[in-house]
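Letters A, B, ... mirror the listed sequences (proteins, then strands); counts begin at 1.
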2 protein chains.
Amino acid sequence: MHKEHTLTKNQQIIFDLIDKSPEPMKAYSILFNVQKKGIKAPLQVYRALDKLVEIGKIHKIESRNAFIACHNSSCQVSKATAFSICEICEKVTEISSASLSKYLANFKDKDGMKYSKYNLEFFGLCKKCR
Amino acid sequence: MHKEHTLTKNQQIIFDLIDKSPEPMKAYSILFNVQKKGIKAPLQVYRALDKLVEIGKIHKIESRNAFIACHNSSCQVSKATAFSICEICEKVTEISSASLSKYLANFKDKDGMKYSKYNLEFFGLCKKCR
DNA sequence: ATTTAGATTGTTATAATATAACACTATGTA
DNA sequence: TACATAGTGTTATATTATAACAATCTAAAT
């Protein structure tokens with residue numbers, strides 16, 4: 001359905017790191033972790049992050065300036081994202097709910113406008129922190 | 001229903017500026033604009049912004065690192081926000097839809113968890129830019 | 001009126017996040 | 001081969017945000 005993107009070396013290194021991380025990673029934390037692999041400058045990280053976001057392999061958690069691997073097989077290229085964020089432990093979970101995405105994709109604002117692109121962040125306490 | 005907060009001098013100056021602005025304002029743009037009123041340092045701005053966000057007089061547009069006055073009379077203290085953002089002209093509009101807020105407040109994730117606090121940003125093209 | 005607790009202020013310094021500009025290199029395709 | 005496009009490496013810098021500390025204001029309770 002969609003083009004498979006072959007990741008470049010930097011993109012792969014950075015994706016692997018984020019994908020293995022149990023929590024969202026911040027750009028400079030990523031930088032610190034990949035310096036031993038030859039990625040030395042912030043821009044190298046940000047460029048890879050931009051591309052990975054663009055092709056849907058990772059998502060940016062806007063309220064946290066952090067990045068998480070996409071674990072929702074249906075949103076590889078999607079820009080329609082939803083997350084829950086624990087306000088205590090900062091655990092972030094991607095929400096993949098067909099009814100939610102359907103509702104939001106069909107939502108019309110007061111001008112009758114629909115939006116296929118959105119980002120939704122829910123805040124609360126996760127199971128463990130409740 | 002809710003406590004009226006009397007704004008302090010700095011808070012009032014900064015709120016007035018944001019409230020008059022037709023578009024979201026960034027912190028350092030706010031700083032530049034209030035320097036003639038004696039607010040000289042970033043922290044003075046950020047502290048007022050934090051408080052204004054906390055009491056619901058303004059909202060932060062997370063994807064833009066910018067602040068907009070609340071024009072939704074029902075969300076003075078609310079943390080349940082929704083916006084549409086034009087990807088060309090960057091116009092931001094707060095969405096106040098009873099059905100949307102009802103849907104989101106009642107949304108349950110796969111653990112059955114509900115969230116009273118959320119932020120939703122829709123992206124698309126506004127009327128003028130379409 | 002005085003005390004006191006909490007919020008707010010002013011200030012300097014610094015941390016954290018992100019991009020500009022430019023020359024160079026790899027990769028795929030005509 | 002040669003051309004276009006995307007990616008790289010690098011230095012410098014812009015932008016966004018917070019730490020720490022002393023001083024001041026404000027409201028409520030003596």
> Any side-chain N or O of Thr8(B) under 4.0 Å from OP1/OP2 of dA7(C)?
no

> Any carboxylate oxygen within less than 4.0 angstrom of a Lys/Arg side-chain nitrogen, looking at Lys117(A) and Glu87(B)?
yes

> Check whether any side-chain N or O of Tyr46(B) sits under 4.0 Å from OP1 or OP2 of dA17(D), and answer yes or no.
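Affirmative; the distance criterion is met.
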
> I need the CZ-P distance between Phe32(B) and dT16(D), as an integer number of Å.
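After rounding, the gap between these two atoms is 15 Å.
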
> Without decimals, in angstroms, what is the distance between Glu54(B) CD and dT8(C) C1'?
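Whole-Å distance recorded here is 13 Å.
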
> Rounded to whole angstroms, how far apart are CG on Leu49(A) and P on dT8(D)?
12 Å

> Please tell me if Lys40(A) has a side-chain N or O lying less than 4.0 Å from either OP1 or OP2 of dG9(D).
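No, no such contact exists.
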
> If you define the side chain from C-beta out and look only at heavy atoms, does anything of Asn119(B) sit under 4.5 Å from Ile61(B)?
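Result no, sub-4.5 Å side-chain heavy-atom pair not found.
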
> Is the distance from OP1 or OP2 of dT8(C) to the nearest side-chain N or O of Lys51(B) less than 4.0 Å?
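Yes, Lys51(B) has a side-chain N/O under 4.0 Å of OP1/OP2 on dT8(C).
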
> Report yes if a donor N or O on one partner sits less than 3.5 Å from an acceptor N or O on the other, where the partners are the side chain of Tyr28(A) and the base of dA18(C); otherwise report no.
yes

> dG9(D) P sits how many Å from Arg47(A) CZ, rounded?
8 Å

> Whole Å only: how far is the CG atom of Asp50(A) from the P atom of dA20(C)?
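Between P of dA20(C) and CG of Asp50(A): 10 Å.
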
> Is the phosphate of dG10(C) approached by Gln44(B) (side-chain N or O, under 4.0 Å from OP1 or OP2)?
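Yes, Gln44(B) has a side-chain N/O under 4.0 Å of OP1/OP2 on dG10(C).
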
> Please compare Ala41(B) and Asn65(B) by the position of their nearest nucleotide in DNA chain C and report the one closer to 5'.
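Residue closer to the 5' terminus by nearest nucleotide: Ala41(B).
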
> So if I apply the side chain to side chain donor-acceptor pair (under 3.5 Å) rule between Gln12(B) and each of Thr8(B), Asp16(B), Asn10(B), which one comes out positive?
Asp16(B)

> Would you please confirm or rule out a distance under 4.0 Å between OP1 or OP2 of dA18(C) and any side-chain N or O of Lys60(A)?
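Checking dA18(C) against Lys60(A), a side-chain N or O does come within under 4.0 Å of OP1 or OP2.
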
> Taking Met25(A) as the fixed residue, which of Ile58(A), Ile68(A), Asn33(A) is the one that meets the side-chain contact (heavy atoms from CB on, under 4.5 Å) rule?
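Exactly one option meets the side-chain contact (heavy atoms from CB on, under 4.5 Å) with Met25(A), and it is Asn33(A).
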
> Please state how far atom CD in Gln35(A) lies from atom C1' in dT10(D), giving the value in whole angstrom units.
14 Å

> Taking atom P of dC25(D) as reference, at what distance in whole Å does atom CD of Gln11(B) sit?
16 Å

> Starting at the 5' end of DNA chain D and moving along, which residue's nearest nucleotide shows up first, Leu43(B) or Arg64(B)?
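Its nucleotide being nearer the 5' end, the pick is Arg64(B).
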
> Quickly work out the Leu52(B) CG to dA7(C) C1' distance and round it to whole Å.
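Value for this atom pair: 14 Å.
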
> Are Ile30(A) and Leu49(A) packed together at the side-chain level, in the sense that at least one heavy-atom pair is separated by less than 4.5 angstrom?
yes

